[in-house]
Structure formats: C-alpha cells, structure tokens
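Counting from 1, the numbers follow the sequence of the chain as shown.
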Amino acid sequence: MTTSLRAETSALPRPFASFQMRADVRLFHTSHDLPCHADPDLFFNPHKRQTAITKCADCPFLGRCSYNAVAMGATHGIWGGVILPGDYPRQLKAVYARLAGQFEQRRSIELGDIPVAPLPDLVDEDPTEQTSLFPQTGPIAGAA
C-alpha cells in the first residue's frame, strides 16, 4: 500500500475567516485505484449522492479522505462518505467534527503509528466566542 503525505501549496479560500491550514498539515495521497479517482464527477453530482456514499463505504482511504476534507476546508461534494453542505458554510462545523471523528476511528487501521499533523482549528466568526471545533482535551490526530 502506498500512502504519502505531500505539501499542498495553493491557497484555497476558507469558509470561515479564522480557518487556516497549518503549515505542517500535509494531505494524504494514494496510488490505489479508488472510486473517486475512477469517476470524480460522481462525488459532486447531487443526483447520485447515495451511489457515491455507497462506494465510499468500502474504500480503504475513507479516514484519510475525511482528514483531507477538513484539512483543505472542502465545502462541496462527498468526502469520506459524508455529504458536505456546499453553500451552507454554517453547517460545516458539525460536518467537520464528524469527519475528524471518522479519521480518528480509522487512523490506526489505515496508518498504523505514522505521525500525523493535527487538523486546523475552526473557530466561529464571532470574535467574542472563540469555540474551537477540536477542543484540546486530548491528542488530536497526533503530532508531526
């Protein structure tokens, strides 16, 4: 199995002004044949969501896909078998929390003991309420 961590250098727009990818976060890539590689449009077609989710269920990259979605600040499509809210960015916090949890559940299965940079924090746009998406109550996706 070939899995690598590669730096992404392009600046992507973020759904929240305070959401920023840490410099040490690297996205996972694989050379395996995955359903999303064979038919990427399927995972962004609103009429075929259930088909895309079904294909995700058996994917060996499911947890890493979830990590990538949060790390990139993805807003549209099916990532890790989860429908992203698209044009409703206020719903992203709950979706990102679910994806991060899914990554943590599958982390040891997919990666073993490979160290992984923590996912970026996502805080509300309201500066008076600095609630982190991933509270620091314990280890989060390891440290790089």
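When side chains are defined from C-beta on, Q91 does not count as touching L84, because their heavy atoms never get closer than 4.5 Å. A 4.5 Å side-chain heavy-atom check between P35 and L42 finds every atom pair outside the cut-off. In this structure the side chain of F103 reaches within 4.5 angstrom of the side chain of L111, judged on heavy atoms.
Between F28 and Y67, the angle of the ring planes goes over 60°, which puts this pair in the perpendicular group of the 30/60° scheme.
Taking the side-chain contact (heavy atoms from CB on, under 4.5 Å) definition, one finds that P40 meets it with nothing, sequence neighbours left out.
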Give the table of side-chain donor-acceptor pairs shorter than 3.5 Å for residues 48-60, with sequence neighbours excluded, one pair per line with atom names and distance.
unit_1, atom_1, unit_2, atom_2, d
T54, OG1, Q50, O, 2.8

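The two residues R64 and E110 have their closest heavy-atom pair at NE-OE1, 2.7 Å. Between F44 and H76, the shortest heavy-atom contact is CE2-O, 3.2 Å.
Distance alone, capped at 3.5 Å, is enough to place a donor-acceptor pair between the Q102 side chain and the G80 backbone.
A continuous path of Ile, Leu, Val, Met, Phe, Trp and Tyr side chains, each step under 4.5 Å between heavy atoms, connects I114 with V70, placing both in one hydrophobic cluster. No single ILVMFWY cluster, assembled from side-chain heavy atoms under 4.5 Å apart, contains both L62 and V82. The cluster map of Ile, Leu, Val, Met, Phe, Trp and Tyr, joined by side-chain heavy atoms under 4.5 Å apart, puts L27 and L119 in the same cluster.
With values rounded to the nearest 0.5 angstrom, H37 atom NE2 is found 9.5 Å from F43 atom CZ. Of the inter-residue distances, the one linking T75 atom OG1 with Y96 atom OH reads 6.5 Å to the nearest 0.5 angstrom.
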